[in-house]
Peer 1: 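The structure that follows is given in the form of structure tokens.
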2 protein chains.
Amino acid sequence: MARPRGFCEEEALDKALDVFWRHGYEGASLAVLTEAMGINRPSLYATFGNKEELFRKALDRYISVKNAVFDEALAEPTGRDVVRHLLRKAAEMMTEPGHPVGCLAVQGAISCSDESEPVRQELIRIRRGHEDQIRKRFAEEQAAGRLPDGTTPEDLAMLLATIANGMSIQASTGATREQLLTVAENAARAWPQVSNDGSDAARNTAAE
Amino acid sequence: MARPRGFCEEEALDKALDVFWRHGYEGASLAVLTEAMGINRPSLYATFGNKEELFRKALDRYISVKNAVFDEALAEPTGRDVVRHLLRKAAEMMTEPGHPVGCLAVQGAISCSDESEPVRQELIRIRRGHEDQIRKRFAEEQAAGRLPDGTTPEDLAMLLATIANGMSIQASTGATREQLLTVAENAARAWPQVSNDGSDAARNTAAE
DNA sequence: CTAGTTATGTACCGAACGGTATATAACATT
DNA sequence: AATGTTATATACCGTTCGGTACATAACTAG
């Protein structure tokens with residue numbers, strides 16, 4: 001071996017993650033990244049490849065943490081519990097003190113120049129993957145007879161993912177953690193559910 | 001007068017709107033803009049000021065169209081009708097053939113470099129304004145005794161805005177118009193509503 | 001201490017960015 | 001037709017972008 005590197009790779013990656021999270025992939029310049037990571041360009045390129053690879057590695061770290069929480073939520077006993085757990089955790093993760101607000105998978109590259117299209121597609125893949133995990137969980141509910149008539153796992157998964165995505169925008173708009181938790185609770189309460197008398201209640205209340 | 005301009009200002013603005021809508025404020029380069037608008041840089045600067053002013057003018061056009069639809073939705077008789085109308089129209093406007101998918105107010109500058117912060121703030125102002133209009137409409141519902149106990153106009157407005165924002169991300173993720181319309185319908189059906197027997201039903205079904 | 005290896009710091013690369021100076025072309029007015 | 005005025009086309013400005021060549025510093029192995 002020779003001269004050892006003068007910085008911690010994981011710490012630097014976390015700093016990069018913070019910058020990408022805050023400014024998005026394209027909005028994060030090499031100047032800001034190296035400044036935040038406390039290293040210079042050649043060290044960055046030697047260690048992480050290039051800007052895109054750096055982003056993907058930072059994204060991996062972000063997603064792996066997120067997936068653990070995700071799996072917890074999916075383990076809840078009922079559909080409504082899954083919804084509540086997932087949206088609560090989303091609200092918390094999107095308003096974590098010391099971190100940028102919102103979700104990297106949503107804000108990272110929602111619109112960009114053609115040059116960054118691969119990154120945008122990668123985030124799309126991730127969002128679709130999450131929705132698909134939810135769908136599978138709701139399919140279990142359906143198999144257990146706990147989905148109201150007229151609802152499908154696909155539709156409910158898309159609705160849930162829509163709300164979670166929307167929370168990211170709301171966080172970016174300035175919504176507080178408390179506000180997002182209220183959104184989560186209200187969504188969970190209103191969630192379509194089979195009533196215990198056996199009737200379905202995809203439609204809330206009988207008032208029509 | 002002297003030499004007349006060789007292009008239609010409104011047509012050019014619509015072309016610019018399309019580019020900003022598709023690529024976001026920062027992702028839209030002058031090269032792409034002028035190419036799409038069919039004019040060259042000096043004409044653009046003489047007519048529209050600079051990139052930021054061009055964006056704001058394109059945004060004005062976009063928002064004015066949107067506001068008309070918005071007002072229609074708010075005129076619906078009940079809260080649930082407002083929700084359904086608004087989300088349906090949102091689904092349609094976010095998947096209009098011949099236009100970029102999603103909503104410019106969401107995708108235009110959700111994350112960007114510090115340089116574009118004013119534009120980002122402007123979009124935040126617009127999103128907040130929309131949510132506030134919804135809140136006022138729900139406040140009317142509350143005054144009429146049509147809001148379930150435990151719900152507030154603020155909370156419901158934020159929930160609705162969250163879903164609408166989320167639909168923009170879903171459109172960007174590749175959701176079809178039909179899928180978004182299903183999201184809209186499911187959200188409207190589940191919407192918290194006072195039942196006709198006088199009891200409240202912020203919580204969907206009695207199954208707990 | 002020397003040699004070999006790897007990381008760092010500086011200074012730079014070509015390309016693309018938003019924006020503009022300047023010359024010319026196209027019109028209205030007289 | 002001559003003149004004044006405005007729009008267009010070209011070619012360029014300084015700056016920033018992502019990325020790298022190169023010299024030097026810091027370490028290990030012998």
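First the proteins, then the strands, lettered A, B, ... as listed; each starts at 1.
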Peer 1: Between B/Arg177 and B/Glu92, is there a salt bridge with N-O shorter than 4.0 Å?
Peer 2: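 Looking at B/Arg177 together with B/Glu92, the answer is no, because their closest N to O distance does not fall below 4.0 Å.
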Peer 1: Between A/Ser43 and C/dA7, is there a side-chain N or O to OP1/OP2 distance below 4.0 Å?
Peer 2: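 Result: no.
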Peer 1: With sequence neighbours left out, write down each residue that passes ring pair (Phe, Tyr, Trp, His ring centres under 6.0 Å) with A/Phe48, or none if nothing qualifies.
Peer 2: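 None.
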Peer 1: Using atom CD of B/Glu35 as one end and atom P of D/dA9 as the other, report the distance to the nearest whole Å.
Peer 2: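 After rounding, the reported distance stands at 13 Å.
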Peer 1: If we ignore angles and hydrogens, is there a donor and acceptor under 3.5 Å between the side chains of B/Thr47 and B/Glu9?
Peer 2: no
Peer 1: Will you find, in the side chains of A/Thr162 and A/Asn165, an N or O donor that is under 3.5 Å from an N or O acceptor?
Peer 2: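 There is no such pair between these side chains.
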Peer 1: Going by heavy atoms closer than 4.0 Å, what residues in residues 107-123 of chain B are next to DNA chain C?
Peer 2: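 Result for residues 107-123 of chain B: none.
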Peer 1: Just by distance, with hydrogens left out, do A/Asn40 and A/Ser43 show a side-chain donor and acceptor under 3.5 Å apart?
Peer 2: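 The criterion, which ignores hydrogens and geometry beyond distance, is satisfied for A/Ser43 and A/Asn40.
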Peer 1: Can you tell which of D/dG4, C/dG19, D/dC17 lies closest to the side chain of B/Lys51?
Peer 2: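 Within the option list, the nearest is C/dG19.
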Peer 1: List the protein contact pattern of nucleotides 20-25 of chain C with one symbol per nucleotide (5' to 3'): B for base contact, S for sugar-phosphate-only contact, - for none; contact means a heavy-atom distance under 4.0 Å.
Peer 2: BB---B
Peer 1: What residues form a salt bridge (charged side-chain N to carboxylate O under 4.0 Å, His left out) with A/Glu131, not counting sequence neighbours?
Peer 2: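 Salt bridge (charged side-chain N to carboxylate O under 4.0 Å, His left out) check on A/Glu131 returns nothing, list empty.
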Peer 1: Report the distance from atom CD of B/Glu9 to atom C1' of D/dA7, rounded to the nearest whole Å.
Peer 2: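 So the CD-C1' distance, B/Glu9 to D/dA7, works out to 13 Å.
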Peer 1: Are B/Lys51 and B/Tyr25 in a cation-pi setup, meaning NZ or CZ lies under 6.0 angstrom from the ring centre and within 45 degrees of the ring axis?
Peer 2: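 So B/Lys51 does make the cation-pi contact.
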Peer 1: Is A/Asp132 salt-bridged to A/Arg135, cutoff N-O under 4.0 Å?
Peer 2: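 Salt bridge flag = yes for A/Arg135 with A/Asp132.
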Peer 1: Using side chain to side chain contact (heavy atoms under 4.5 Å, CB included) as the criterion, list what pairs up with B/Val82, not counting sequence neighbours.
Peer 2: B/Leu74, B/Glu76, B/Arg137
Peer 1: Return the value, rounded to whole Å, for the distance between atom CZ of B/Phe7 and atom P of D/dA9.
Peer 2: 10 Å
Peer 1: Compare side-chain N and O positions of B/Asn40 against OP1 and OP2 of D/dA9 and report whether any pair is under 4.0 Å apart.
Peer 2: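 Yes, such a contact exists.
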Peer 1: Atom CG of B/Leu44 to atom P of D/dA9: distance rounded to whole Å?
Peer 2: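 Computing the B/Leu44:CG to D/dA9:P distance gives 13 Å.
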Peer 1: If each of B/Pro4 and B/Ala31 is mapped to the nucleotide of DNA chain C with the nearest heavy atom, which maps nearer the 5' terminus, i.e. the 5' end?
Peer 2: B/Ala31
Peer 1: Using whole Å, report how far CG of B/Leu30 lies from C1' of C/dA16.
Peer 2: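 Distance check: B/Leu30 CG to C/dA16 C1' gives 11 Å.
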Peer 1: Is it true that A/Lys15 and A/Glu11 have a side-chain N and a carboxylate O under 4.0 angstrom from each other?
Peer 2: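 A salt bridge is absent here (no side-chain N lies under 4.0 Å from a carboxylate O).
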Peer 1: Both B/Arg5 and A/Ser29 contact DNA chain D. Which one's nearest nucleotide lies toward the 5' end?
Peer 2: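 That would be B/Arg5.
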Peer 1: Establish, from distance only, whether the side-chain atoms of A/Arg127 and B/Thr173 form a donor-acceptor pair under 3.5 Å.
Peer 2: yes
Peer 1: At a heavy-atom distance below 4.0 Å, what parts of residues 12-28 of chain A sit against DNA chain D?
Peer 2: A/Ala28
